[in-house]
Amino acid sequence: MSIPPDGQQDPVVGIDWGTTHRRVYLLNTDGDLIRLHSDEIGMLAAKGNFQNALADLLTLLQLERADVIMSGMVGSRNGWQEVPYLPVDHALSRLPEALVDIRTALPNVRCRIVPGYQFIDAHGTPDVMRGEETQVLGAMAMRSFNGWFLLPGTHSKWVRIDHGRIEQIVTFMTGELFALLSLHGTLAALMQQQESSPTAFHAGIAAAWHGSFTHTAFSCRSLVVTDMMSAAHASSYLSGLLIGTELQDIRQKTQNQNQESLQLIGAPALAARYVDALEFVGMSALVWQPDEVYVAALRVLAGLKNLKSRDTS
């Protein structure tokens, strides 16, 4: 690890390093985003040689020195180095002091990993996240907030924040289950012809309130074979059913609380689908674009001052 002379700040390279993809953010010393790069050199493609993968990236970015901050699966036990989860009583504002230094042979490069968080519910069951904590930190740096954050994806995360601390983490395997059921098993045959149907999507959301998912999932087939729904709309119905299951569970967890605000961090297409579902059940959300909150988080983690908060007036 090399410390810049005379307090000089090196360019900051933030890497959201997942299992299959890598998204890279280059910030100058003023905290401005000057380059965004995305590739498929995820954890699997790196094949354990993360140092070489990082060296190649820095060459691509034409950097001879850098302050590298990484988040996501790179810190898992199958990543570069396993970084233990933080307990939820570790405030997000203290996340910068919890970064873990990684020793490398790269000259003039400081390399650190952001820890994830672990939550244990009242029944003793753990839930965890890696990477989402960075996005939540960025959104909070731009706008103080209490309530739920929703980060949809392969494993959809719901994170409840109270005065800067994580109160709850709830994970749903929504995206993964949709992919599996679309490719394998009884429902897969219905997914050959897919036609987007808002009506079927909303019907799936409503069906999630009628029973457990293992029961209601079969209605995706029964509606088609009884000619009550077109097979082309089965995909929309299943999507609504899975997302509706998330919303039902969160509603149950918050039924004794006052109606809380909801912040959604997601890519445009997926965020729009969730916003549609939320509005259908009488909920609303402020939507954040993942890149903007990640950049805001990097400024906090690297100790830069340029926060450029969103105007919420």
Side-chain angles (χ1 to χ4, degrees), residues 14-25 33 36-38 40 42 71-73 92 114 116-117 127-143 145-161 166 168-179 182 196 198 201-202 204-205 208 235-236 238-251 253-254 260-298 309-310 312:
I15 308 176
D16 182 4
W17 209 329
T19 302
T20 58
H21 294 85
R22 182 175 65 174
R23 196 157 180 83
V24 182
Y25 306 80
L33 177 66
L36 179 62
H37 170 78
S38 182
E40 296 182 357
S71 65
M73 294 305 291
L92 279 165
V114 184
Y117 274 86
D127 209 324
V128 297
M129 63 180 179
R130 285 195 189 277
E132 292 87 1
E133 75 294 319
T134 303
Q135 293 182 317
V136 172
L137 172 67
M140 291 184 62
M142 298 175 74
R143 183 177 187 269
F145 171 77
N146 289 327
W148 285 103
F149 278 90
L150 163 59
L151 301 96
T154 301
H155 294 164
S156 184
K157 301 285 183 179
W158 291 71
V159 184
R160 188 170 181 274
I161 300 295
I166 297 172
Q168 200 168 2
I169 302 171
V170 186
T171 303
F172 298 90
M173 296 176 65
T174 302
E176 183 171 349
L177 284 173
F178 181 81
S182 297
S196 180
F201 179 65
H202 293 157
I205 296 170
S235 177
S236 291
L238 178 61
S239 177
L241 189 59
L242 283 161
I243 293 175
T245 299
E246 284 187 43
L247 302 186
Q248 181 202 39
D249 191 280
I250 294 299
R251 272 284 182 82
K253 293 181 186 302
T254 59
E260 293 181 315
S261 301
L262 174 64
Q263 311 277 309
L264 194 159
I265 304 173
L270 188 55
R273 180 166 289 262
Y274 270 81
V275 167
D276 184 5
L278 288 165
E279 291 177 349
F280 183 76
V281 298
M283 301 172 70
S284 61
L286 175 63
V287 178
W288 298 88
Q289 206 276 337
D291 289 339
E292 68 175 335
V293 297
Y294 202 94
V295 169
L298 285 177
S309 298
R310 170 182 289 195
T312 58

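Note that the numbering runs from 1 along the sequence shown for the chain. Values below: all heavy atoms of this structure, side chains included; hydrogens, waters and symmetry mates excluded.
Taking every heavy atom of both residues into account, Ser196 and Ser236 meet most closely at CA-OG, 3.6 Å. Contact detail for Ala208 and Gln248: the closest heavy-atom pair is O-NE2, 3.4 Å. Among all heavy-atom pairs drawn from Ala285 and Leu264, the shortest one is CB-CB, 4.2 Å. Heavy atoms only, all atoms of each residue included: Leu247 and Ala277 are closest at CD1-O, 3.8 Å. Nearest heavy-atom pair across Ala267 and Pro290 is N-CG, 3.8 Å.
Checked by atom type and distance alone, the side chain of Tyr294 pairs as donor or acceptor with a backbone atom of Ile15 at under 3.5 Å. Looking at Glu176, its side chain never comes within 3.5 Å of a backbone N or O of Met173 through a donor-acceptor pair. When atom types are taken as modelled, the side chain of Arg251 and the backbone of Val281 share a donor-acceptor pair closer than 3.5 angstrom. Of the possible donor and acceptor atoms, one in the side chain of Thr245 sits under 3.5 Å from a partner among the backbone N and O of Leu241.
The aromatic rings of Trp148 and Trp158 sit perpendicular, their planes meeting at an angle over 60°, well past the 30° parallel limit. Aromatic ring pairs are classed by plane angle as parallel below 30°, tilted from 30° to 60° and perpendicular above 60°; the pair Phe280 and His202 is parallel.
In this structure, Arg143 and Gln263 have side chains that are in contact, with non-hydrogen atoms separated by less than 4.5 Å. With a 4.5 Å cut-off on side-chain heavy atoms, Thr134 and Asp16 do not count as touching. Using a 4.5 Å heavy-atom cutoff, the side chains of Thr154 and Thr19 are not in contact. Using a 4.5 Å cut-off on side-chain heavy atoms (C-beta onward), Val136 and Ile166 make no contact. The shortest distance between side-chain heavy atoms of Ser71 and Gln135 does not fall below 4.5 Å. Side-chain contact between Pro152 and Phe172 is absent, with no heavy-atom pair separated by less than 4.5 Å. Between Val114 and Glu133, the closest side-chain pair of non-hydrogen atoms falls below 4.5 Å.
In this structure, Leu286 CG and Ile265 CD1 are separated by 9.5 Å, a value rounded to the nearest 0.5 Å. In this structure, Tyr25 OH and Leu33 CG are separated by 8.5 Å, a value rounded to the nearest 0.5 Å. The CG atom of Leu137 lies 6.0 Å from the CG atom of Leu92; values are rounded to the nearest 0.5 Å. The NE2 atom of His155 lies 15.0 Å from the CE atom of Met129; values are rounded to the nearest 0.5 Å. Separation of atoms CG (Leu177) and OG (Ser156) is listed at 11.5 Å; rounding is to 0.5 Å. Taking CD of Glu246 as the reference point, atom OG1 of Thr174 lies at 3.5 Å (rounded to 0.5 Å).
For Tyr117, there are no ring-ring contact (aromatic ring centres under 6.0 Å, His included) partners, not counting sequence neighbours. Residues meeting the ring-ring contact (aromatic ring centres under 6.0 Å, His included) test with Phe149, sequence neighbours left out: Phe145.
When each of Leu151, Leu150, Thr171 is tested with Val159 by the rule side chain to side chain contact (heavy atoms under 4.5 Å, CB included), just one qualifies, namely Leu151.
Residue pairs meeting the salt bridge (Lys or Arg N to Asp or Glu O under 4.0 Å) criterion with at least one partner in residues 275-287, sequence neighbours excluded, are absent.
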Item to check | side-chain contact (heavy atoms from CB on, under 4.5 Å) between Ile243 and Phe201, intermediate numbers included | outcome: CA-CA 9 Å; Ile243 293 175; Phe201 179 65; 4.0 Å; yes
Checklist entry - After noting the C-alpha distance and the side-chain angles of Lys157 and Asp127, does the key distance pass the side-chain contact (heavy atoms from CB on, under 4.5 Å) rule? => result CA-CA 10 Å; Lys157 301 285 183 179; Asp127 209 324; 4.2 Å; yes
